[in-house]
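Okay, so here's the structure we're looking at.
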Amino acid sequence: MKIRLYQQALVLAVFLNIIIPAHSQTIAGGNGHSIALCADSTLNAWGYNLSGQVGNGTNNNSYSAVGVSGLEGVTGIAASYEHSLAIKDDGTIWGWGNNYQNQLGTGDNISSNVPVPAGIGLTNVISISAGWAQSYAVKSDGTVWAWGYNSIGQLGNGTTNSTSIPVQVSNLTDVIAVSAGSYHCLALKNDGTVYGWGTGGSGELGLGNNDGMMLPAQIMALTDVVAISAGSYSHSMALKSDGTLWTWGLNSSGQLGIGTLVNTNLPTLVTSLNNVISIAGANGHSLALTSDGTVWAFGWNLYGQLGNGGNTDSNVPVQVTGLTGIIEIIGGRNHSMARKNDGTVWVWGENGVGQLANYDVVSSNIPLLVENLCVPIIGVDDNENIILPFVFPNPFEDETVLKGTNAGGAITIFDSTGNIVIYQKTSEGQTRLNTGILNSGLYSLNYFDGTKIHGVKLLKL
């Protein structure tokens, strides 16, 4: 990047001995669904899927990680109430899920349970964010574009007219990142200044009043900012180049982390944290990552979204249990996520619709590993041995071969929703499967050899 803010971030990274991730955001949390960017630039998703926001071609909730259909070359992601967005390496935007309020930016209001070209007409996009039913994009020229619901001016173009195609946010240049709450948005410029617009009833715009704005207004109390995050329920966060954390807006559950439950309409220092390197605002809670790789949380904790082993709200930061080596954090509505430096993803909080990807609906107040995430070509059995028989090719197209099968065994292939799509008896030596009938996507193959079941993930091109 050719901007001062990135230079500041690099200085901060060197000072705190951290590594800037290759992708700006590799995990995303929505109202009840989550997305993770895999090392091969494809996506996995899970959770609430009524509007197709998981993106696997169905509208069924997913209680484990499944592949997002037909999308590769992804460099950044965003998720909100019931829609999802992704940037591809060609600078285009793709979206899926609810589109009733035009939040996909497709020129119509037709929802989709698979990714479709979104933010039509936009190219060279470097950053995206998703609000309740509106979306935002930053282009490489530093301009900001928005589309979707605009009842109170949250698109920042001086009107309250909703739109199904991107419109430019007024009076903003040299922007490098945006962060959307439900009804307000923040923008970070390359000189470290921050601007806000949309609703301001709880002081979430940080302007010293509770007024809403239909055009971006500078938060004069902030300078030298390197990261921003707008909570989905009317609060905001900023990280400065000196590693200090500043918060403002609604504080009903202690989500500002300042030791009180009093709202504030000006940025306020979180005095109990320093050496902060990443921030994430959620529904009624907040997260902060410090330079030692630990995660801290504060605010609402009914579902255990603070991850400290309890369910009591906290108006000061508390450490998330058992997490070290963390490089990225994100907050969903009532759940939280973190990625470790080994690439694994950990989740905690509400789980009523599969937000934790652990095959059940029991919430957790401590972090849990997302299993079977971005599963590689080969699999392992319960004893962590390489699975036999070998499956090839994988990814596959019209035919898949299992080498080393026994006569009289059985092969079952399940789609991402758990439905059986192929069942076939096996032959001695090897078994060929006609997989030309299957659509592109991620599948699970179980092979019963007469004694035990072996399992492996399959990717159909």
Side-chain angles (χ1 to χ4, degrees), residues 28-35 45 47-55 58-59 61 68 77-87 92-122 125 127-138 144-170 178-187 196-201 204-205 212-216 230-234 281-283 331-334 353:
N31 176 50
H33 74 290
S34 304
I35 311 172
Y48 187 52
N49 197 32
L50 179 65
S51 297
Q53 56 266 48
V54 168
T58 79
N59 291 76
N61 295 344
V68 174
I77 52 178
S80 187
Y81 183 67
E82 286 188 355
H83 76 290
S84 307
L85 300 172
I87 309 173
T92 61
I93 301 175
W94 293 69
W96 58 100
N98 195 330
N99 197 28
Y100 294 159
Q101 300 291 344
N102 305 303
Q103 54 264 56
L104 298 187
T106 55
D108 56 40
N109 63 351
I110 301 173
S111 299
S112 177
N113 57 22
V114 295
V116 295
I120 58 173
L122 291 181
V125 174
S127 178
I128 52 175
S129 190
W132 176 75
Q134 65 277 359
S135 303
Y136 304 87
V138 181
V144 181
W145 299 76
W147 58 94
Y149 193 51
N150 194 31
S151 61
I152 50 178
Q154 56 266 51
L155 299 190
N157 67 338
T159 77
T160 55
N161 300 323
S162 299
T163 176
S164 63
I165 60 174
V167 295
Q168 187 171 352
V169 176
S170 302
V178 289
S179 181
S182 289
Y183 298 103
H184 77 292
C185 190
L186 304 175
W197 64 95
T199 186
E204 56 264 54
L205 298 187
M213 300 292 295
M214 292 194 297
L215 292 171
S232 61
Y233 191 40
S234 302
N283 182 39
R333 184 172 184 266
N334 296 319
V353 287

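Values below: every heavy atom of this structure, side chains too, minus hydrogens, waters and symmetry copies. Note that this is a predicted model, so its numbers are computed, not measured.
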Find out whether [X] and [Y] are in side-chain contact, i.e. whether some heavy atom of one side chain is under 4.5 Å from a heavy atom of the other.
{"X": "P117", "Y": "T92", "result": "no"}
{"X": "W147", "Y": "L122", "result": "yes"}
{"X": "T199", "Y": "Q154", "result": "no"}
{"X": "I120", "Y": "P166", "result": "yes"}
{"X": "N150", "Y": "T163", "result": "no"}

Inter-residue atom distance [X].[atom1] - [Y].[atom2], 0.5 Å rounding:
{"X": "W94", "Y": "I128", "atom1": "CH2", "atom2": "CD1", "result": "13.5 Å"}
{"X": "L186", "Y": "L205", "atom1": "CG", "atom2": "CG", "result": "7.5 Å"}
{"X": "W96", "Y": "L85", "atom1": "CH2", "atom2": "CG", "result": "7.0 Å"}
{"X": "I110", "Y": "N102", "atom1": "CD1", "atom2": "CG", "result": "10.5 Å"}
{"X": "Y149", "Y": "Q134", "atom1": "OH", "atom2": "CD", "result": "9.0 Å"}
{"X": "M214", "Y": "L155", "atom1": "CE", "atom2": "CG", "result": "11.5 Å"}

Worksheet entry | With S135 via side-chain hydrogen bond (donor to acceptor under 3.5 Å, both in side chains) - residues at least two apart | H83
Practice prompt. Using side-chain hydrogen bond (donor to acceptor under 3.5 Å, both in side chains) as the criterion, list what pairs up with W197, not counting sequence neighbours.
Written response: none
Worksheet, complete the sentence: Residues at least two apart in sequence or cross-chain that pass ring-ring contact (aromatic ring centres under 6.0 Å, His included) with Y233, listed by chain then number, are none
Side-chain ([X]) to main-chain ([Y]) donor-acceptor, under 3.5 angstrom:
{"X": "N98", "Y": "S51", "result": "no"}
{"X": "E82", "Y": "N49", "result": "no"}
{"X": "N109", "Y": "Q101", "result": "no"}
{"X": "S179", "Y": "A230", "result": "yes"}
{"X": "S127", "Y": "V138", "result": "no"}

Worksheet entry | Full working for side chain to side chain contact (heavy atoms under 4.5 Å, CB included) between W132 and S232 | CA-CA 8 Å; W132 176 75; S232 61; over 6 Å; no
Discussion item. For Q53 and Y81: C-alpha separation, side-chain torsions, deciding distance, then whether side chain to side chain contact (heavy atoms under 4.5 Å, CB included) applies.
Written reply: CA-CA 9 Å; Q53 56 266 48; Y81 183 67; over 6 Å; no
Discussion item. Would S112 and N99 count as a side chain to side chain contact (heavy atoms under 4.5 Å, CB included) here? Give the steps.
Written reply: CA-CA 8 Å; S112 177; N99 197 28; over 6 Å; no
Worksheet, complete the sentence: Here the pair of heavy atoms bringing A79 nearest to G30 is CB-N, 3.8 Å
